[in-house]
**Q** 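Let me give you the structure first, and then I'll get to my questions.
Chain A is the first sequence line, chain B the second, and so forth, proteins listed ahead of strands; every chain is numbered from 1. The analysis underlying the following values was restricted to heavy atoms, covering all of them including side chains, and did not include hydrogens, waters or symmetry mates. Just so it is clear, the structure is predicted and the values come from calculations on it, not from any experiment.
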Protein chains: 2
Amino acid sequence: MDEQKIKEQSRVGGAGSKVDPPRETRRRGEILETAILQAAWDELSDVGYTHLTIEGVAVRARTNKAVVYRRWGNKAKLVVATLQRYLPKPPRDVPDTGNLRNDMLILLRGIAQPLQTVGAETIQGLMAEYLSKDLIASIPQIMHPGTESKSTIAMKTILKQAELRGEVHLENLNPRIISLPIDLLRYEILITHEPISDRTIHEIVDDIFLPIVQV
Amino acid sequence: MDEQKIKEQSRVGGAGSKVDPPRETRRRGEILETAILQAAWDELSDVGYTHLTIEGVAVRARTNKAVVYRRWGNKAKLVVATLQRYLPKPPRDVPDTGNLRNDMLILLRGIAQPLQTVGAETIQGLMAEYLSKDLIASIPQIMHPGTESKSTIAMKTILKQAELRGEVHLENLNPRIISLPIDLLRYEILITHEPISDRTIHEIVDDIFLPIVQV
DNA sequence: GAAATAAGAAACTAATAGTACCTTATTCAC
DNA sequence: GTGAATAAGGTACTATTAGTTTCTTATTTC
C-alpha cells in the first residue's frame, strides 16, 4: 500500500483506487479544502485515527503535506475539522411521542449513532492528543459535559414534556441526572469498543434513568 | 532538559538530579528490572505518558534502550508493568460501618484515589495505544467492566450487608447498576481531567445510586 | 575455569512531524 | 489586459522517536 501511494504521488495522471480522477487545473480555496477534508474522512475510515498521517491524507487528496499544514497545524485539528464537516448530525427535532420512555429511547439512539460512527479509537486518540478539551468540545456530537449541548437541551425538553403529563417531577433533578444517560452512552463507547446495542440503551433507560426520575 | 539527559548518558559517574548514584557493578535480573520500572514511574510523573520515551526511561535508569526493549516491547507494556508495580492499591478491606451510604462513600473514595494517581492522560494514552483491552485490563485499579474486579466484589459485599439490615432489596439489581458508581467515577476521571471532588462522590451516591437501589 | 547469559554501548533503519524554500498557476486590482 | 499578490505544487530538509542489530564485556552458572 505504501508503494501504491508513492506511485500515485509521482504519477501525474491516472486514477488510482483511492484518489480523484486526473486533474489539469490547480485547485485552491474552498474546493481544495473540501478535497482534503474528504480525503481525511476516507483515510479515517480506511486506516483509523492512529494510522492516519498528514502525508497520507495529502497524497490521497492529490496534494502535499505543506498545503495541509497551512490550514491545520496538526492531525488532531485536521480530524476535528473533518468530523465537523462529515460526521452525521443527530436528528434535529426532539422526539415527542407522549411517552417519556419512548422519547428517551429515540433520543438516545439518535445520540449514539454519530458517536459510533466516529468510534472509540478516534475519540480516544483525540482526547489523548488534545487534553485541552476545547478542541474536542467543538464537535457537538461528541461534546463534553459542562457546556449546554444540543443533546442536553433535548433531554431537558423531553423531561419538561413528561412533567406536563405528570410523568415526573423535575424540581429535584440536578444536572448530573440530566446528563447521566448521555454520559453512560459515551462511557460505553469509550470502554467497550463495540457498537452500542439497543439492549444497552434499554438498560440505561429502564434500569437506571427512569427509576431515578420517576420518583 | 534534553541536554542534561545526554550529559547524564555520556557521563560515567556523577549523580544527576533524576538518576541513581554512580554504580560500579553491572545490574541484571530483578534488580535492573526494578530500577527500570522505578525510572518509568518517575518519568511518568515528571513528563507524563505522552512525552515519556523508552530512551528517556533508559537514561534515567542508567541503562539503554535495548535493555528496556528486551523486557517490554513497547511503551504501553512498560507503563502497564510500571503501574502494576507502583500504583497504590485501593484499601484491601471492604467498609462495614453499618450504613450503606457511609460504606459507599468510603469505598468510592478508595477506588477514586488510584485512578487519580494514574491520571486521565495516562489512561487515555494507554487506551488509545492499546485497543486490545486485555493489557489495560491487567491493571486492577483501572480495570474495565466485564470481568469481576475487586471493586465489583466489594460493591456486592456492601450491598449484601445492606440487604441484611433491610436497607435494600437486591433481587432486582442487575450488573449495570452494580457497576454504575464505579463507571461514573471512571468517566469523570476521563472526561474532566480534574481531581474527583468529594462533592462528585456524594452526588453519585446520593443523587444517583441510592435512589435506584433503595427501591 | 569454561561456557552461557545478559548488560553496556553505539550505530543503524524507518516512520512521521513539521518546516523551509522555490517555482508556477491563478486570482485580483487597476 | 497587465502586473502584483496570493496560494498551490513540489521537494528537500531537520528533528524525534521507535525499534533493531551487532559487538564487546561483565557476571553467573555449572
**Q** Walk me through whether A:Y49 and A:E43 qualify under side chain to side chain donor-acceptor pair (under 3.5 Å).
**A** CA-CA 8 Å; A:Y49 185 85; A:E43 200 75 356; over 6 Å; no
**Q** Using whole Å, what does the distance between atom C1' of nucleotide C:dG8 and atom CD of B:E55 come to?
**A** 13 Å
**Q** Between B:K65 and A:K65, which is nearer to the 5' end of DNA chain C once each is assigned its nearest nucleotide?
**A** B:K65
**Q** Quick check on the helix from C:dG1-D:dC30 to C:dC30-D:dG1: what's the angle between its two end axes, five base pairs per end, to the nearest 10°?
**A** 20°
**Q** Which listed nucleotide (D:dG9, C:dA6, D:dG10) is nearest to the side chain of A:A66?
**A** D:dG10
**Q** Go through the side-chain N and O atoms of B:E188 and A:Y187 and say whether any donor and acceptor fall under 3.5 Å apart.
**A** no
**Q** Quickly work out the A:I36 CD1 to D:dA8 P distance and round it to whole Å.
**A** 8 Å
**Q** Report the distance from atom CH2 of A:W72 to atom C1' of D:dA8, rounded to the nearest whole Å.
**A** 13 Å
**Q** Nearest whole angstrom, please: distance from the P of D:dT25 to the CZ of B:R26.
**A** 9 Å
**Q** Return whichever of A:R71 or B:Y69 has its heavy-atom-nearest nucleotide of DNA chain D closer to the 5' end.
**A** A:R71
**Q** CG of B:N64 versus P of D:dT24: gap in Å, rounded?
**A** 16 Å
**Q** Which residue pairs satisfy the salt bridge (charged side-chain N to carboxylate O under 4.0 Å, His left out) criterion with at least one member in residues 82-92 of chain A, sequence neighbours excluded?
**A** A:E30-A:R85
**Q** Rounded to the nearest angstrom, tell me the gap between atom OH in A:Y49 and atom C1' in C:dT16.
**A** 14 Å
**Q** From the list D:dG19, C:dA17, C:dT27, which nucleotide is the closest neighbour of the side chain of A:R28?
**A** C:dT27
**Q** Should A:R60 and A:D46 count as an ion pair when the cut-off is N to O under 4.0 Å?
**A** yes
**Q** Using whole Å, report how far CD of B:E30 lies from C1' of D:dT28.
**A** 16 Å
**Q** Calculate the interatomic distance between A:K77 atom NZ and C:dA17 atom P; express it in whole Å.
**A** 15 Å
**Q** Any side-chain N or O of B:T63 less than 4.0 Å from the OP1 or OP2 oxygen of C:dG8?
**A** yes
**Q** Under 3.5 Å, is there any donor-acceptor pair linking the side chain of B:R70 to the base of C:dG8?
**A** yes
**Q** From the list C:dT19, C:dA6, D:dG9, which nucleotide is the closest neighbour of the side chain of A:L32?
**A** D:dG9
**Q** Scan side-chain atoms only and decide if B:Q113 and B:T117 contain a donor-acceptor pair under the 3.5 Å cut-off.
**A** yes
**Q** Verify side chain to side chain contact (heavy atoms under 4.5 Å, CB included) between A:V94 and A:M155, making sure each step is shown before the conclusion.
**A** CA-CA 8 Å; A:V94 179; A:M155 276 287 307; over 6 Å; no
**Q** Under the side chain to side chain contact (heavy atoms under 4.5 Å, CB included) rule, what do B:I178 and B:L159 come out as? Steps first, then yes or no, please.
**A** CA-CA 9 Å; B:I178 307 276; B:L159 284 168; 3.7 Å; yes
